[in-house]
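Notes to accompany the following structure.
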Amino acid sequence: MMYQRQLRISHVGLRGIVGFGLEASHVLDFAAAFGTFLDSGPVIIGRDPRSSGVMMREGVIASLLATGHDVVDLGVVSTPIIQHAILRRDAAGGISIGASHNSAEWNALKFFAARGTYLSTGEASELLDIYHLRKFSFVDYTRLGKLKSAPEAVDRYLDDLAAAFDLASLRDFRVLVDCCNGTSSLILRRMQERFGLDFILINQQMEGVSFAHEPSINRKTVSLQLAPLMKPLRADAGFLFDIDSDRVAVAREDGEAVSEEIVLPMIADYLLPRGEGKLVITNLSTTALVDEVASWHGGKVVRVPVGRQAAMDALATYRAGQIAVAGEGTGAVMMPRFRFVYDGIASMLAILSLMKERGQRLSAITGGYPPFSILKDEVPLVSQRVPLMMMELKKQYADGIADMRDGLRISWPDRWFHVRVSQTEPVVRVICEQKGEPPAALFGALMDVVRSMA
Amino acid sequence: MREHRLKVGVSGIRGVVGEFLTPALACSYAQAFGTFAGKGRVVLGRDTRSSGEMLKHAVACGLLATGCEVVDVGIQPTPTIQIYIGATRARGGISVTASHNPPEYNALKLFNHEGLFFNHYERRELLDIFYESQFRTAANEEMRSVHCDHETPMNMHVGRILRHVDAARLKTRRFRVALDGVNGAGSALSCRFLEKDLGCDLRAISVDPTKPFPREAEPRPDTLGDLQELVRRERAEIGFGQDPDGDRLAVADEHGRVLDNDDVLALVVDATLSSMPGDVVVNLTTSSVIDDIALAHGRKCYRTPVGEANVVEMMQATRSVIGGEGSNGGVIFPAVQYCRDSYTGMAFLLDLMERTGKTISELAARLPRYYRRSGKVAFEHGRLGPLMQALEDSFPDALTDRTDGLKLVLPEAWIHVRVSNTEPLLRLAIEAKTEQRVEELYGSVRKLLG
């Protein structure tokens, strides 16, 4: 099979199609740059089940050992397990090898600091500078690192989860999970063994080459296999995980696929009343339902530009105690309890705990939220007229409140839109939401402008 | 003069690990190898050097990236890896080992699908691919994995040697044997082979592969003091000294004297030709004692340029039954594998002692006596031609051989001067029937070379 060449090197790390853009040399150089960037100490690594992960693992190990770091290889695990292990083992940092929600031919390296979170923008810039300079701190033969394994990593991670959630109380729920052939299956099977939770897993065989379906976390993929099985299997809740288990999407007991946008509001609904933290950190493109839910619990939504980096940088400007939850409309949510690790499994447990606490079914919880209708589309970026386009839109919709930190977001009391250039692809994304009925007229008018100027 | 801390060339890639021999370099060399070898199984092993693990992962990365499947045999002697490659019909193999170089060095040794060192054409082709850097790439669905097989290689190696010696009689004889394994890759195999398979009463030192090399890695009289002492203390009948990857062998007699490596080869050649008809191949710098022995058996002795690959190539072409590189301490016995193998050497010497009932010093004393001297001389680039010419002119009656540097064959003596493959040095070897003649020739050649 031939793929279009794809390689992306940015603040979020290295990502590409293996053999068609992403080569062994990128892996070695990036890992060597990371080994050079880090303070001394061990580095935790793990990978998702993609076949190319074996090759990437070998390169990552070689460069980390060569820069004098011991390497603790967790094998095939989820990204959150790697992040937990970094903190627990007091490591210098970590690397996750895996392309989470991308299709199987992709792979990526994600880098974590000693605190277990993604690098800040400043740290990521430093890493990129070292990568581009290619001046790596290789040590002499007496100081090379050693390779170790840590088979207990999954159990220690589950211990952390068990300390935060009353797992015994969740045994009554029958939970259907679409593992999409990723790492969630190994975690959930172990959780079932140790805590007696009632999981039914589909697509649970971890696969290196072909996944049962695209690992995208959205309502469409939930509707493929998970949602239709909910009623026949009499499941109380359904969850879909991406390959490295950092994102989650939800299906209701009545067979309805819930929008991935609802995950963050639901978790905010669960966490806001529980602690002193009252801030919900999310991006400019996330549903306004989160504002509504926050307002019920005296919480406040802080919006930041789209992308992982902006979220990480925003988190760093608050005390952990001030924050209730942070996340995106993509099903990626992180909690202060776990020191801000995007974690699909923890998100699932929070949603089940919410059901338990309220004594409500998922249909009742999500049905209780005011309806919001969201419309999204994208237009290929060909012109150089993006600033002009933004000014034009701002002028046309001058009656709303404008936010220009990331493209243009204009909001009114019951609706908003966001037009921005993607960081990952040459497209302009248009997203428009309204309480109640879909904002078809507004969306149509926006798309006309964007199509004519993008 | 520049310190030669990295060498990328036809004999592979070798350098000081860290700043010079980087994981990226090892990986791209492995990618070139994978591109050359084609999709399929490639055997990957290493010696005990501390940098071996790091480089092994870099090499595995490169091989996997080109779509090869990696068979990781762990820490193994080089000949063991070579035998396994041939026997398992792999596409080829890479051993991460710098043989007898100091511990800060490491290198990649490359083997073709028969488990042989790359010949001249294969090496050139590989180097072209390396410089072009257009490596074959595997997409996700073409990626293969890493498999481990640590036991089979040793068993195969031992099995092949035991076909050629009388192990039952050796076990009954129970030789007392001293061994210095230099904490090398062969440590485990050597102990098992000598004790279990050949039934020796083994007294071993430096057989812990997790420890650093306790001595200079090349086994020579001046590096084997510990072995000599061990032989005397334990009253051993023979002492064996290996290099870290188990291809070279040095031998001490029952008095603790380290034999000349050419004489060790001569004894093995003699033992082989006694039971197996065929010719002999050695390099140009190996002692004339081999010619004498071949002649005594009515067999030919072919000469090649220095280098294991050259000797092996000639052995294949002439279907010779035994060969080696005398001064480097290597025995090549194709019935086991076309490679230098210290284990074959050990087994044959013990077998010879058992069959003849003679001590190793008695056996060595029966060999025709030659006196040898070797040395190295640094030279300036550009001065090589005039030096060689001057040398040739000053021995006008000599037969000359220019296949590898310059060899001047005189009546009952010879002089061989060649450029080192690895350093900007001239290597000089002189042999004659009398000690006086050697000194005389050595003096005049040194004077000429400045």
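Below, read A as the first sequence line, B as the second, and so on, with proteins coming before strands; counting in each chain starts at 1.
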Interface residue of largest heavy-atom contact number with chain B, from A/Ala62, A/Gly19, A/Ala66, under 4.5 Å: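 Ranked by heavy-atom pairs under 4.5 Å with chain B, first place is A/Ala62.
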Leading residue by heavy atom contact count with chain B [cutoff under 4.5 Å; candidates A/Arg50, A/Lys146, A/Glu58]: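 With the most close heavy-atom pairs to chain B, the winner is A/Glu58.
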Measuring from [X]:[atom1] to [Y]:[atom2], what's the distance to the nearest 0.5 Å?
| X | Y | atom1 | atom2 | result |
| --- | --- | --- | --- | --- |
| B/Thr22 | A/Asp29 | OG1 | CG | 8.5 Å |
| B/Ser133 | A/Glu23 | OG | CD | 11.0 Å |
| B/Glu142 | A/Ser51 | CD | OG | 10.5 Å |
| B/Arg144 | A/Met55 | CZ | CE | 13.5 Å |
| A/Met56 | B/Met143 | CE | CE | 9.0 Å |
| B/Met54 | A/Leu147 | CE | CG | 13.0 Å |

Note, B/Val17 side chain near A/Asp140 side chain (heavy atom, < 4.5 Å):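 Not in contact.
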Min side-chain heavy-atom separation A/Tyr141-B/Glu104 under 4.5 Å: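 In short, these two side chains touch, coming nearer than 4.5 Å.
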Tell me, for [X] versus chain B, whether the close heavy atoms (under 4.5 Å) come from the side chain, the backbone, both or neither.
| X | value |
| --- | --- |
| A/Leu144 | side chain |
| A/Val18 | both |
| A/Leu65 | both |

Contacting region of B/Pro103 [heavy-atom separation from chain A under 4.5 Å]: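 It is both, since atoms from each part get that close.
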B/Ser50, part contacting chain A, at a heavy-atom distance under 4.5 Å: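 Contact with chain A: backbone and side chain both.
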side-chain hydrogen bond (donor to acceptor under 3.5 Å, both in side chains) partners for A/Thr79, two or more places apart: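 For A/Thr79 the side-chain hydrogen bond (donor to acceptor under 3.5 Å, both in side chains) partners, ignoring immediate neighbours, are A/Ser96, A/Asp244.
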Contacts of type side-chain hydrogen bond (donor to acceptor under 3.5 Å, both in side chains), residue A/Ser149, not counting sequence neighbours: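 A/Ser149 satisfies side-chain hydrogen bond (donor to acceptor under 3.5 Å, both in side chains) with no other residue.
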Atom CG of B/Asp222: over 12 foreign heavy atoms under 6.0 Å: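 It does: B/Asp222 CG has more than 12 such atoms within range.
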Neighbour count >12 (heavy atoms, 6.0 Å) for atom CD, B/Glu19: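 No, because the 6.0 Å sphere around CD of B/Glu19 holds 12 heavy atoms or fewer from other groups.
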Candidates A/Val60, A/Leu28, A/Ile61 - the one meeting side-chain contact (heavy atoms from CB on, under 4.5 Å) with B/Pro23: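 When A/Val60, A/Leu28, A/Ile61 are each tested with B/Pro23, the side-chain contact (heavy atoms from CB on, under 4.5 Å) holds only for A/Leu28.
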Minimum heavy-atom distance between A/Gly208 and B/Asn140, given as atom pair plus value: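 Minimum heavy-atom separation between A/Gly208 and B/Asn140: O-ND2, 2.8 Å.
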Proximity of residues 99-113 of chain A to chain B, residues having a non-hydrogen atom under 4.5 angstrom: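 Hits under 4.5 Å: A/Ala104, A/Glu105.
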Residues of residues 57-68 of chain B contacting chain A, heavy-atom criterion under 4.5 Å, by residue number: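 Answer by number: B/His57, B/Ala58, B/Ala60, B/Cys61, B/Leu64, B/Ala65.
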